[in-house]
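Take a look at the structure below.
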Amino acid sequence: MTRRSGLLLVLCAAVAFLQVQGAVKVGDKVDSFSLVDVRSGQEVSLSKLAGPKGVAVIFVATECPYSNAFNKVMATIAKDYKSRGIHVVGVNSNNTEPADSVKQHAEAKGLDFTVLKDNGSAVADKFGAQKTPEVYLLDKDMVVRYHGTIGNSKLPTTKAEQANADELRPALEAVLTGQPVPVQETKAFGCTIKR
Amino acid sequence: MRSIVTVLVLLVSTGPLLSGASLPTLSEDQVKGVVAQHRGKVVVLNFWATWCGPCREEFPDLVKLYNENKDRLVLVSVSMDEPEDKAQVVAYLKQQKAEFPAYLRAFKDFQKFVNAVDPEWGGGIPATVIFDRTGKRIYGHEGKMTYAELKKIVDAQK
């Protein structure tokens with residue numbers, strides 16, 4: 001290896017985390033996208049799935065124990081906020097988890113919200129999503145108001161009974177009331193998305 | 001007596017050994033100290049968990065990387081399993097014959113822990129952060145890495 005190519009390697013390596021950091025930032029307006037709903041098999045757009053006051057896009061997995069610890073929490077959030085105008089949409093971007101297994105998982109685990117299959121991880125790439133579960137909360141104008149963990153930001157857990165939505169709930173309430181989100185960004189612990 | 005002293009000195013100078021019954025913990029306040037402790041060698045800091053499939057797939061490559069390059073690098077493994085799951089972490093390290101320094105998470109605040117390790121780390125696992133011989137962070141990656149990818153980075157550090 002030449003000295004120059006070695007230097008180039010080091011420079012490229014030095015920005016590795018930067019290359020995978022989120023392309024979508026808090027404050028960015030997100031364009032709608034269309035993916036297949038694993039239950040209906042029909043392609044649907046995010047703008048159609050969004051509630052009148054916003055939508056929480058959560059990248060999920062079927063096999064990640066950390067994501068699975070939050071299944072009940074996600075279902076509860078979806079139920080609590082649907083009637084208040086914010087919908088939850090799950091996106092599975094793992095190339096190791098085909099649509100039929102995502103459908104079975106959603107039904108078996110009581111994920112009573114729309115789950116989309118992101119073949120090729122295109123939407124994960126567009127958002128810059130890296131792990132599961134990872135949430136992007138968009139307001140009625142499709143502007144990202146919160147990004148990060150659903151809950152347990154200080155002490156991540158794989159124990160479902162300890163999982164909570166202590167970070168997402170205040171953000172949802174702020175979006176509903178038009179107030180500034182108290183903590184706009186957290187680092188989400190979890191399994192990296194298999195691209 | 002001299003041999004006992006020698007063993008004690010070795011234990012202190014190399015940090016926690018290793019994948020035995022003891023598994024020291026690592027908090028946000030201790031991360032920088034662990035990296036500094038190994039100054040003079042390339043430090044490969046790897047974050048994983050027993051429940052993480054890609055972490056388990058990556059682990060044998062980490063063992064190989066360490067075993068074949070221990071003269072110039074230190075691999076420091078940090079399990080992100082919960083403290084109550086320590087026994088299964090120890091069992092996995094033994095099963096993998098991991099002979100490098102290994103820790104179990106003991107942070108009070110994951111957000112602070114991530115930032116202490118590398119502010120650019122998004123928080124997912126597996127994750128690897130590499131420091132050069134002077135302790136300067138030179139690389140970070142979220143996701144599984146291969147032996148070849150790791151070796152290439154280590155080889156660039158002369």
Side-chain angles (χ1 to χ4, degrees), chain A residues 1-22 59 61-69 94 96-97 121 124 128-134 147-149 151-159 162 167 183 185-195, chain B residues 27-28 42 47-58 80-85 88 105-132 136-145 149-158:
Chain A
M1 181 184 290
T2 65
R3 189 173 173 180
R4 189 173 175 181
S5 65
L7 179 63
L8 186 64
L9 172 68
V10 170
L11 286 172
C12 291
V15 295
F17 270 144
L18 290 178
Q19 288 170 341
V20 298
Q21 274 189 337
F59 289 86
T62 64
E63 294 178 6
C64 171
Y66 194 74
S67 184
N68 279 325
N94 281 327
T96 51
E97 298 174 358
S121 313
Q130 293 300 320
K131 69 223 84 163
T132 59
E134 182 173 356
H147 167 226
T149 183
N152 301 76
S153 69
K154 289 188 175 179
L155 292 172
T157 182
T158 52
K159 317 285 191 284
Q162 293 172 20
E167 277 67 39
V183 177
E185 184 124 31
T186 55
K187 299 214 174 186
F189 183 62
C191 309
T192 47
I193 291 171
K194 287 85 181 170
R195 287 174 158 84
Chain B
S27 72
E28 50 269 60
V42 174
F47 300 86
W48 67 289
T50 55
W51 48 261
C52 162
C55 303
R56 292 196 305 272
E57 290 167 16
E58 180 187 60
M80 301 298 279
D81 289 87
E82 285 151 83
E84 58 265 37
D85 298 328
Q88 65 198 48
R105 84 175 217 199
F107 49 78
K108 293 185 180 71
D109 185 335
F110 175 68
Q111 306 294 311
K112 289 179 181 170
F113 182 77
V114 169
N115 287 328
V117 171
D118 185 345
E120 292 179 15
W121 177 22
I125 58 169
T128 301
V129 185
I130 302 178
F131 301 83
D132 71 11
K136 182 186 170 194
R137 181 262 194 213
I138 55 165
Y139 182 81
H141 180 78
E142 201 167 307
K144 186 173 70 174
M145 293 187 74
E149 289 167 341
L150 290 161
K151 180 89 170 17
K152 199 172 177 182
I153 296 161
V154 170
D155 282 348
Q157 301 301 309
K158 296 300 178 191

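So that the names make sense, note that chain A is the first sequence line, chain B the second, and so on, each numbered from 1.
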Test item: A/K154 side-chain N/O and B/Q111 main-chain N/O as donor-acceptor pair under 3.5 Å: no
Report the option among A/C64, A/S153, A/G148 that has the most heavy-atom pairs separated by less than 4.5 Å from atoms of chain B. A/S153
Using non-hydrogen atoms only, which part of A/K159 is less than 4.5 Å away from chain B: side chain, backbone, both, or neither? both
What part of B/F113 gets within 4.5 angstrom of chain A, counting heavy atoms only: side chain, backbone, both, or neither? neither
So which part of B/D81 gets closer than 4.5 Å to some heavy atom of chain A, the side chain, the backbone, both or neither? neither
Evaluate the criterion side-chain contact (heavy atoms from CB on, under 4.5 Å) for residue pair A/N152 and B/F110; output intermediate values, then yes/no. CA-CA 9 Å; A/N152 301 76; B/F110 175 68; over 6 Å; no
Can you tell which part of B/E84 gets under 4.5 Å to a heavy atom of chain A, answering side chain, backbone, both or neither? side chain
Checking B/D132 against chain A: side chain, backbone, both or neither under 4.5 Å from a heavy atom? neither
Those residues at least two apart in sequence (or on a different chain) that pass salt bridge (charged side-chain N to carboxylate O under 4.0 Å, His left out) with B/E57 are B/K144
Parallel, tilted or perpendicular, judged at 30° and 60°: which one describes the rings of B/W51 and A/Y66? parallel
Between B/C55, B/P54, B/G123, which has the largest tally of heavy atom pairs under 4.5 Å with chain A? B/G123
Short side-chain to backbone donor-acceptor contact, A/K131 and B/G122, under 3.5 Å: yes
Value rounded to 0.5 Å, distance of CZ in B/R105 from CG in A/L155: 6.0 Å
The criterion is side-chain contact (heavy atoms from CB on, under 4.5 Å); which residues satisfy it with B/D155, sequence neighbours excluded? B/R72, B/K151
Let me know if B/K108 has heavy atoms under 4.5 Å from chain A in its side chain, its backbone, both or neither. backbone
With only heavy atoms counted, which part of A/E185 is less than 4.5 Å from chain B, the side chain, the backbone, both or neither? neither
Heavy-atom count check: over 12 atoms from other residues, nucleotides or ligands less than 6.0 Å from A/K194 NZ? yes
Side chains of B/E82 and A/T157: any donor to acceptor distance under 3.5 Å? yes
Taking it one step at a time, do B/I125 and A/F189 satisfy side-chain contact (heavy atoms from CB on, under 4.5 Å)? CA-CA 8 Å; B/I125 58 169; A/F189 183 62; 3.9 Å; yes
